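Because the structure is predicted, anything quoted here is derived from the model rather than measured. Order of the sequence lines sets the chain letters (A, B, ...), proteins ahead of strands, with each chain counted from 1.
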Amino acid sequence: MSADENKTNHEGASGGEGEANTSGLDFVRTIVTEDLASGKHDHVVTRFPPEPNGYLHVGHAKAICLDFGIAAEHADSRCHLRFDDTNPSTEETEYVEGIQDDISWLGFDWGEHLHFTSDYFHQLYGYAVTLIEKGKAFVDDQSADEIRANQGSLTEPGTESPFRTRTIAENLDLFTKMKAGEFDDGAKVLRAKIDMAAPVVAMRDPILYRIQKKTHHRTGDAWCIYPMYDFAHCLSDAIEGITHSLCTLEFVDHRPLYDWILDELETPAHPQQIEFARLNVSHMITSKRALRRVVEDGHVMGWDDPRMPTIVAMRRRGYPPQAIRDFCSAVGVAKRESLIELANLEFHVRQVLNKVAMRRMAVLRPLKVVIENYPEGEEELLDAVNSPEDPDAGTRPVPFSRELYIERDDFMEDPPKKFFRLAPGREVRLRYAYFVTCTEVVKDAAGEVVELRCTYDPATRGGNAPDGRKVKGTIHWVSAKHAIAAEVRHYETLFVDEEPNLDGDGGVFDAVNSESLEVINKAQLEPALGEAAVGEYLQLERTGYYCVDTDSSADRVVLNRTATLRDTWAKTAKKSAGNPPKAKNPNKKNKKKKKDSE
RNA sequence: UGGGGCGUAGCCAAAUGGUAAGGCAGCGGCCUUUGGAGCCGCCAUUUGUAGGUUCGAGUCCUACCGCCCCAACCA
């Protein structure tokens, strides 16, 4: 018989549709599905509401996938992109454009529903006037400091403003003058009249409008008063007919205010705010403030540096949008705060790349090999498969000649037990080419191996021996004469800790991994790589997934390593060497409050 | 110490009173012209703790413990 019971009881209201099957759905989709089944709504409208004051990051990707994803799952449903641009001092057109690019790239489409909270400034103003007329809002002359001081504490109630009892007429007059620009920034604010003793601080006469004589990136100087988030957001949702307004957990406390405003005013709709836990990924941060520090302090090349957790950066690094969507879908949606291991994201990146990346050969750290019984000056073209996952991708010719490069790591003078690659006297297969046997090791004065002399078996052309003999190892190679020199960039995580502590003495500086970028200057690529386009997904066989970086030009190839290949050899090698696991950065724990993390 | 949210494996996450899905990671094996990919198997006698209700509890009740959020004229 309680009100609560009525609120949560959807079944009775159903038009005999039967119960919705919500098994396995996350809690947000469960609510949406039940609302549809009960007839509360016959379609769903969601919205993704970024503030254009920075670039989108992996955490936003989750929200985007949720907001747009849910809309796409139901008939006649849609998701709006609405820029929450109520603070002209931090927002810029550059970000408006960047955010649209990111969402499109991720694979979502808002159709005709590109909106701006600033489009509603006039309506919002009208709602504010209505609130004043109802005696539910007043103009406060207190300074910011005074308001803060009178707010009370978490355990003590606040005290009412001395201006709280102004007449409606006076409030109307003052608010009109605020809008007309008759007062300075901070001189006055419009506040809701709710309850200074409310246990939820957000309900203690929250500020609705403040004066900011700033030029807005869209409305210019038309306004000098701007609505606060709490006032603008719920009303914008209502104006757009949003059915389910999804946001992160820190807004739970704001829900009573969201509902209060919509209950006090006559609006076209009363959307339901639903909060879910934000996405955290190990070794990444999602605080815009800290991200800006990382960029401004020069720890990275920019917002799109492949080590950044931003969407532009993941794009430049070579993460396919499908992988990001798969990842978001795999981590789920719940209210429990969590820290997803980076390995999870990388898994989805590899999973997609394995299917789409063209295979190529490249030698990162070259060791010269001379095939002594291969005629000088001769060369030939061998066929190499472009993708074992996609027969339609065909083959390409790869030039072979007497002098080759192989990976230094693929040779050991004194190999351990399970090393299957080249060693003195040992025979291996050069991928797609021939079996070769190492006959001599050439060293320089310092004892460094500088060259290998080998012989090849002409009968093994293509990689198979007619006599059926097997080799244990297959290594990649590149013809020295035909190779293209390139720069290859390898990345480690930008932060050394799983959960970087940004509040320590050194802040971001102490948290960043100073060895997160490794530049390899003279990698040798097979000729086909000279034609790869910027952004193209590649797998350098046996070494990893790469893509052509935007820094590349006609005469310079730069590759980014997107992800390594799973490397079981590295594991067994490490195991037999008894290497201890990497030490972790000790300066963790004592996390302090993180703000500005949306 | 006020209000709110949350505790299921190393990391995520399902299970709507009926006997703990799935994924990642890890471990073992098969296969392999990438030590890749793929395939097979193993990995929670138990859901923060302690009581209680019930034939039956991760689910309901009580108490306790722990973590997170809230005192911007930010969003």
- Assign each of A/Leu540 and A/His348 to its nearest nucleotide of RNA chain B by heavy atoms, then name whichever residue's nucleotide is nearer the 5' end. A/His348
- Watson-Crick/G-U partner (both atom distances under 3.5 Å) of B/A9: none
- Item | Distance below 4.0 Å between A/Arg255 side-chain N/O and B/G5 OP1 or OP2 | no
- Between A/Asp326 and A/Gln322, do the side chains contain an N or O donor and an N or O acceptor separated by less than 3.5 Å? yes
- Query: Among B/C12, B/C27, B/C24, which nucleotide sits nearest the side chain of A/Lys571?
  - Reply: B/C27
- Check every atom of B/C12, B/C74, B/G35 against the side chain of A/Arg421 and return the nucleotide holding the closest atom. B/G35
- Query: Expressed in angstrom and rounded to an integer, what is the separation of A/Arg431 atom CZ from B/G36 atom C1'?
  - Reply: 9 Å
- A/Arg429 NZ/CZ over A/Tyr434 ring centroid, <6.0 Å and within 45° of normal: no
- Atom pair distance, as rounded to whole Å: CZ in A/Arg336 and C1' in B/C67: 13 Å
- Has the side chain of A/Asp253 got a donor or acceptor that lies under 3.5 Å from a partner of the other kind on the base of B/G3? yes
- Nucleotide nearest A/Arg542 (side chain, heavy atoms from C-beta), chosen from B/U34, B/C68, B/C12: B/U34
- Message: For a quick check of understanding: with a heavy-atom distance under 4.0 Å over all strands, which category does A/Ile340 fall into, base, sugar-phosphate or nothing?
- Response: sugar-phosphate
- Message: Could you check whether A/Lys179 makes a cation-pi contact with A/Tyr125, meaning its NZ or CZ is under 6.0 Å from the centre of the six-membered ring and within 45° of the ring axis?
- Response: yes
- Query: Side chain of A/Glu341, base of B/G10: donor and acceptor closer than 3.5 Å?
  - Reply: yes
- Note on the structure: 5'-most contact on RNA chain B (nearest-nucleotide basis), A/Thr155 vs A/Leu339, goes to A/Thr155
- Measure from CG on A/Leu208 to P on B/A72 and round the result to the nearest Å. 17 Å
- Message: Taking any heavy-atom pair under 4.0 Å as a contact, classify A/Phe419: base, sugar-phosphate, or nothing.
- Response: base
- What does B/U34 pair with, Watson-Crick or G-U, if both distances are under 3.5 Å? none
- Is there ring stacking between A/Phe347 and B/G23, where the centres must be under 5.5 angstrom apart and the planes under 30 degrees? no
- For the side chain of A/Val201, counting heavy atoms from C-beta on, which of B/A71, B/C69, B/G36 is nearest? B/A71
- Message: As a test of reading the structure: which of B/A75, B/G35, B/A72 is closest to the side chain of A/His254, going by heavy atoms?
- Response: B/A75
- Query: From the list B/A72, B/A13, B/G36, which nucleotide is the closest neighbour of the side chain of A/Ala334?
  - Reply: B/A13
- Item | Partner of A/Tyr209 by ring pair (Phe, Tyr, Trp, His ring centres under 6.0 Å), out of A/Phe138, A/Phe231, A/Trp223, A/Tyr226 | A/Phe231
- Query: Where the side chain of A/Val252 is concerned, which of B/G4, B/A37, B/A71 is the nearest nucleotide?
  - Reply: B/G4
- Query: Is the ring of A/Tyr229 stacked on the base of B/A75, with centres less than 5.5 Å apart and planes under 30° off?
  - Reply: no
- Item | Salt-bridge criterion met for A/Asp185 and A/Lys213 (N-O under 4.0 Å) | no
- Query: When we call it a touch if two heavy atoms are under 4.0 Å apart, what does A/Ser143 touch: a base, just sugar-phosphate, or nothing?
  - Reply: base
